[in-house]
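Data first, discussion second: the structure below is written as structure tokens.
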2 protein chains.
Amino acid sequence: MANKSKALLALELGRAVIEMRSRSRQFIQARIKENQLNITYEMLEVLMCLWEKDGINQQEIADNIIKEKASMTYLLDNLVKRNLVNRMPDGNDRRNNLIHLTTQGKDLQEKLLPWAMEMYTAASKDLTLEDIIASTQLIKQLTKNIQ
Amino acid sequence: MANKSKALLALELGRAVIEMRSRSRQFIQARIKENQLNITYEMLEVLMCLWEKDGINQQEIADNIIKEKASMTYLLDNLVKRNLVNRMPDGNDRRNNLIHLTTQGKDLQEKLLPWAMEMYTAASKDLTLEDIIASTQLIKQLTKNIQ
DNA sequence: AATAGATAGTATAGTATTAAACTATTATGT
DNA sequence: ACATAATAGTTTAATACTATACTATCTATT
């Protein structure tokens with residue numbers, strides 16, 4: 001009975017999680033639309049990863065933002081099309097592409113990163129460091145339990 | 001600085017959340033595949049809602065499982081195609097369709113619901129009721145903060 | 001009664017995700 | 001040296017999601 005109850009709570013947590021994701025996306029997309037930028041939230045996630053560390057391979061990006069490698073192909077195609085990133089073969093390992101920001105891609109940082117930080121800051125308003133950490137740990141444990 | 005740090009923690013929480021969702025999906029899909037059923041995790045979510053409450057309208061289903069109504073059209077088209085649900089006009093409000101499980105749709109419950117419960121039970125192993133509730137509350141607050 | 005506002009569901013176009021299979025390349029084991 | 005296993009990225013097909021606009025219908029207001 002306690003297990004059933006915990007399971008149902010986990011279900012509710014899963015629902016809360018989906019809604020949070022959806023709202024995050026909408027928050028950023030609204031800004032992007034206001035400013036008539038031709039990118040999406042998902043592309044922003046890739047850019048954010050590259051702003052932090054440029055010139056890494058696709059698998060590293062995928063690992064960082066929790067996406068499947070097949071999705072990376074699609075997203076990077078779109079970013080390349082918009083001249084925000086370039087793919088370059090990796091001389092050290094021919095299986096890899098290294099993904100580099102273009103000048104345009106770099107220039108977007110000063111506008112877009114503050115929006116993202118603004119969102120995360122607003123989201124975490126009134127929440128304590130400790131509580132956020134505890135929740136993250138719980139969610140990670142939950143994921144590990146079904147690995 | 002504390003805000004920056006909290007924002008980054010929120011970012012990490014967002015990542016954990018995506019991974020949890022992805023794993024949940026894979027867990028169930030593996031079972032579905034083993035048993036050669038012609039449905040997806042997303043369809044299962046709809047079915048689970050209807051097992052609990054049959055004959056509700058599309059908007060209610062969408063609200064329950066946190067999806068956009070436009071997504072419901074697509075998913076229900078697929079469920080109807082598989083003869084798992086029917087759409088019926090609502091005599092009391094012509095804007096609505098009422099969605100009913102077919103016999104087949106009902107029959108799937110005894111196989112699929114235990115899998116879902118098994119997953120949630122496994123996921124919540126070693127986690128306390130209180131911690132799950134606290135995390136759910138935190139995530140709901142986080143979502144509300146960016147509404 | 002008429003009008004304005006809100007709602008449910010669909011259509012559309014584009015975006016994104018996923019599993020599986022594949023090719024080319026690298027790493028590992030014998 | 002050779003064979004096998006593992007890996008990165010791409011392809012394919014299907015699924016799913018989203019914002020926007022639309023139509024039909026209902027509700028609220030005057």
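All chains are named by letter (A, B, ...) in the order of the sequence lines, taking the proteins before the strands, and each is independently numbered beginning at 1. Quick caveat, the model's predicted, so the values are computed rather than measured.
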Q.
So does B:L127 get a backbone contact from the side chain of B:S124, meaning a donor-acceptor N/O pair under 3.5 Å?
A. no

**Q.** Short side-chain to backbone donor-acceptor contact, B:D93 and B:R95, under 3.5 Å
**A.** yes

Q) Of the nucleotides D:dG9, D:dT15, D:dT10, which has the atom closest to the A:N96 side chain? A) D:dG9

Whole angstrom value for the distance that separates [atom2] of [N] from [atom1] of [X]:
X	N	atom1	atom2	answer
B:E42	C:dT18	CD	P	9 Å
A:I56	D:dG9	CD1	C1'	15 Å
B:I18	D:dA16	CD1	P	19 Å
B:I32	D:dA14	CD1	P	18 Å
A:Y74	D:dA13	OH	C1'	14 Å
B:I61	C:dT10	CD1	P	11 Å
A:D63	D:dT7	CG	P	11 Å
B:E19	C:dT17	CD	P	15 Å

Q: Ignoring backbone atoms, establish whether A:Q58 has a side-chain N or O less than 4.0 Å from OP1 or OP2 of D:dT10.
A: yes

Q) Between B:N78 and D:dA16, is there a side-chain N or O to OP1/OP2 distance below 4.0 Å? A) yes

Q) Should A:R82 and A:Q104 be marked as a side chain to side chain donor-acceptor pair (under 3.5 Å) after you check the CA-CA gap, both sets of side-chain angles, and the distance that decides it? A) CA-CA 9 Å; A:R82 287 159 171 76; A:Q104 259 180 268; over 6 Å; no

Q: Answer with yes or no whether the side chains of B:N64 and B:E60 bring together a donor and an acceptor at under 3.5 Å.
A: no

**Q.** Within 6.0 Å of CD in B:Q147, more than 12 heavy atoms from elsewhere
**A.** yes

Q. Got a sec: does the CD of A:E34 have more than 12 other heavy atoms crowding it under 6.0 Å?
A. yes

Q. Knowing that exactly one of A:I99, A:I61, A:L79 qualifies, which makes a side chain to side chain contact (heavy atoms under 4.5 Å, CB included) with A:M72?
A. A:I61

(Q) Can you tell me which residue among A:N78, A:I39, A:L76, A:L50 is in a side chain to side chain contact (heavy atoms under 4.5 Å, CB included) with A:L84? (A) A:I39

Q: Select base, sugar-phosphate, or nothing to describe what B:R21 touches, counting heavy atoms under 4.0 Å on all strands.
A: nothing

Q. Using a cut-off of 4.0 Å on non-hydrogen atoms, how would the nucleic acid contact of A:R82 be classed: base, sugar-phosphate, or nothing?
A. sugar-phosphate

What are the atom names and distances for every N/O pair under 3.5 Å that joins the protein to nucleotides 24-26 of chain D?
{"unit_1": "D:dT25", "atom_1": "OP1", "unit_2": "B:R94", "atom_2": "NH2", "d": "3.4"}
{"unit_1": "D:dT25", "atom_1": "O3'", "unit_2": "B:R94", "atom_2": "N", "d": "3.4"}
{"unit_1": "D:dC26", "atom_1": "OP1", "unit_2": "B:R94", "atom_2": "N", "d": "2.7"}
{"unit_1": "D:dC26", "atom_1": "O4'", "unit_2": "B:R95", "atom_2": "NE", "d": "3.3"}

Q | Residue whose nearest DNA chain D nucleotide is more 5′ - A:N57 or B:Y41 | A | A:N57

Q: Kindly state each residue pair satisfying salt bridge (charged side-chain N to carboxylate O under 4.0 Å, His left out) with at least one member in residues 7-24 of chain B, sequence neighbours excluded.
A: A:K140-B:E12, B:R21-B:E45

Collect all protein-nucleotide pairs involving nucleotides 18-22 of chain D in which both atoms are nitrogen or oxygen and the distance is under 3.5 Å.
{"unit_1": "D:dT20", "atom_1": "OP1", "unit_2": "A:K33", "atom_2": "NZ", "d": "3.1"}

